[in-house]
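Worksheet: one structure, shown below.
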Amino acid sequence: MALKHLSITSALRLVWRSFFVQVLWNYKTMQGAGFLFAVFPFLRRISDNPDEHSQLVRRSSGFMNTHPALSSFAMGAMLRRMADEKEFAQEEWQNWRESLCGPLGITGDALVWDGLKPLVFMMAFALWFFVGVPAAILLLSLVIFLLYNGPLFIFRLWGARQGWQRGKDILRAIELPFFIQSRKWMERVGASLAGLCVIVGFVFASDFQLVSIVQFGIGFLILWLSVRANWPLISSLVITVALVPLSAWLIRLLISGGL
Amino acid sequence: MAGWVALFGAIVYLDTTAAFQFMLCQPLIACPIFGMIVGRPEIGIFFGLIFQLLWLRALPVGAARFPEGNLGAVVATALAATIPPGLDGQASWLILTLAALAGLLTAGIGRHLTPTVRYLLKFFAESYEKALLNGKRARGGFVFLAAIAVNVTAGALFTLALYFLSFKAMSGLLDVSSQVPLASGLAAQTDALWNGLFPALIGAGVGVVFARFARRRMMGWTVGGFAVAMGVLLWL
């Protein structure tokens, strides 16, 4: 059946295959082979003529790299262009593909890696302190899984449809106010959750014991400075761990009047 | 235990960058489930909580090298769960600290794992594209599955290797302290000194997210978060 429109079933299939876009990630073509994997079943529906099919495979391979969660945008757009344009200029095609990498990549990094993911896991962190009993492990894991993957799956599906509808102009989709507004709100919610995590972490981890309060403060300060000054994370953590017995010993010595 | 370590290493590694990215790899999901499976849920929850926020700063973006904090969390949980609890049913703080350090070491060494795998995958990607260009779909499918197998094997072997090496080092250290009376006495006395590991690393994790999100222009929202947390805590 020729690919005239991207049905919901086809979009779901494209989204499912987009989950494997990084399996073949390498330093030469990056996600290129993963993109080919995702769109390959649809190429036969665009043309089953062996020569044309081979041409479509060639068009679908080569360098490509974007955010995995936004890869469905590019995949939908690529399929639309391949279905619509029988004739194409290789250079223009490759330039267009590469022009998608930066904007989709940056948008995905900001929205997902630096937005949705920390937000969900800050929420999960607080949730674990409130209801984190061993009996609730599976339930809490399921809640976190759904909180993160539910919206992202719908987003990927929407992206595939947008890609198909907009074709060459797919980058217009990420200019929608939704993207700017969600970034703004994620910053706000992130700031609130950061405040919430400080209080929750402090109360549950320190248990209002002097030594624990100091140790919480040491960990907080070292890593806060480490992030702000861009120090290596692991060295900062090793220093924090090394300071744990030292600070405990010093405080006890102070309390007992040994100093 | 080794089987579970390998299985979790494989799943966590695959989910971190190569496929799905469902975030099952995150310490707060992977560690408690691992702990539950091996019969030490409290250890899993402990490491899930202390490691979760720390790695939120490390973004697996493009070709960037990032610490394998998720694998580190699995190694730490497995190590602490392997060593039987004391008579009071609690894990020793010294063991938890050593396991946490092994987790950090795993994360640090793990920075080189993904780039190495990705160099190897270049040949698979070329072979995959070539197979499809020549119309050999079955061969393409086989190469793709082989690439998944490479990722799975890399994750499993790396986690297993770091688990065994850390376990050898840890048991060596603990055996020495139990054989020498002076060192043994010292270990028992100092164990209490390590119980600050939990507040210190929770503080560290909170410090990471606070530095990232609580900017000056967002202070109102952060204070709002403080207020909500205090309200909920007072209500509870």
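Every chain is numbered from 1 and lettered A, B, ... according to where its sequence line falls, protein lines coming before strand lines. It should be emphasised that the depicted structure is a prediction, and the values quoted were computed from it without experimental measurement.
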* Asked: Do the side chains of Lys117(A) and Gln26(B) get nearer than 4.5 Å, heavy atoms only?
  -> yes
* Taking the side chain as every heavy atom from C-beta outward, state whether Leu201(B) and Leu237(A) have any pair of such atoms under 4.5 Å apart. => yes
Checking [X] against chain A: side chain, backbone, both or neither under 4.5 Å from a heavy atom?
X	value
Leu54(B)	both
Pro27(B)	neither
Ile45(B)	side chain

Greatest number of heavy atom pairs closer than 4.5 Å to chain B - which of [options]:
options	value
Val57(A), Val227(A), Asn65(A)	Val227(A)
Phe121(A), Trp128(A), Trp224(A)	Phe121(A)
Val200(A), Leu246(A), Leu138(A), Val214(A)	Leu138(A)
Leu193(A), Leu225(A), Leu36(A)	Leu36(A)
Arg188(A), Lys28(A), Gln22(A)	Arg188(A)
Arg58(A), Met122(A), Met30(A)	Met122(A)

Do you know which two heavy atoms are closest between [X] and [Y], and how far apart they sit?
X	Y	value
Leu24(B)	Phe145(A)	CD2-CD1, 3.6 Å
Phe213(B)	Ala194(A)	CB-CB, 4.0 Å
Ala191(A)	Trp221(B)	CB-CB, 3.8 Å
Asn26(A)	Ala125(B)	ND2-CB, 3.2 Å
Gly32(A)	Glu129(B)	C-OE2, 4.0 Å
Gly196(B)	Val244(A)	C-CG1, 3.6 Å

To the closest 0.5 Å, what do you measure between [atom1] ([X]) and [atom2] ([Y])?
X	Y	atom1	atom2	answer
Phe124(B)	Leu24(A)	CZ	CG	9.0 Å
Leu28(B)	Met123(A)	CG	CE	12.5 Å
Arg228(A)	Arg212(B)	CZ	CZ	10.5 Å
Leu132(B)	His53(A)	CG	NE2	8.0 Å
Gln55(A)	Leu133(B)	CD	CG	10.0 Å
Phe66(B)	Leu233(A)	CZ	CG	13.5 Å

Tell me, side chain or backbone of [X] under 4.5 Å from chain B's heavy atoms, or both, or neither?
X	result
Thr66(A)	neither
Ile218(A)	neither
Ile137(A)	side chain
Tyr27(A)	both
Val203(A)	side chain
Leu119(A)	side chain
Val133(A)	backbone
Phe130(A)	side chain
Asp114(A)	both

* Trp16(A) and Phe20(B) aromatic ring geometry - parallel, tilted or perpendicular at 30°/60° bounds -> tilted
* Under 3.5 Å: donor-acceptor pair, side chain of Gln215(A), backbone of Pro199(B) -> no
Check the surroundings of atom [atom1] in [X]: do more than 12 heavy atoms from other residues, nucleotides or ligands lie under 6.0 Å from it?
X	atom1	result
Arg139(B)	CZ	no
Phe142(B)	CZ	no
Arg137(B)	CZ	no

* Asked: Picking from Tyr148(A), Trp113(A), Phe19(A), what satisfies side-chain contact (heavy atoms from CB on, under 4.5 Å) with Gln21(B)?
  -> Trp113(A)
* **Among Phe129(A), Phe204(A), Phe220(A), Phe202(A), side-chain contact (heavy atoms from CB on, under 4.5 Å) partner for Ile202(B)** => Phe129(A)
* To do: Heavy atoms only, distances under 4.5 angstrom: which of Leu101(B), Leu104(B), Leu56(B), Val143(B) has the most pairs with chain A? Name it, please.
  => Leu104(B)
* To do: Please determine, among Phe144(B), Phe226(B), Phe198(B), Phe123(B), the option with the most heavy-atom pairs under 4.5 Å with chain A.
  => Phe144(B)
* So Phe20(A) and Ile148(B), side-chain contact (heavy atoms from CB on, under 4.5 Å) or not? Walk me through it. -> CA-CA 9 Å; Phe20(A) 297 90; Ile148(B) 294 181; 4.3 Å; yes
* Test side-chain contact (heavy atoms from CB on, under 4.5 Å) on Val228(B) and Ile199(A) and set out the steps. => CA-CA 9 Å; Val228(B) 169; Ile199(A) 300 293; over 6 Å; no
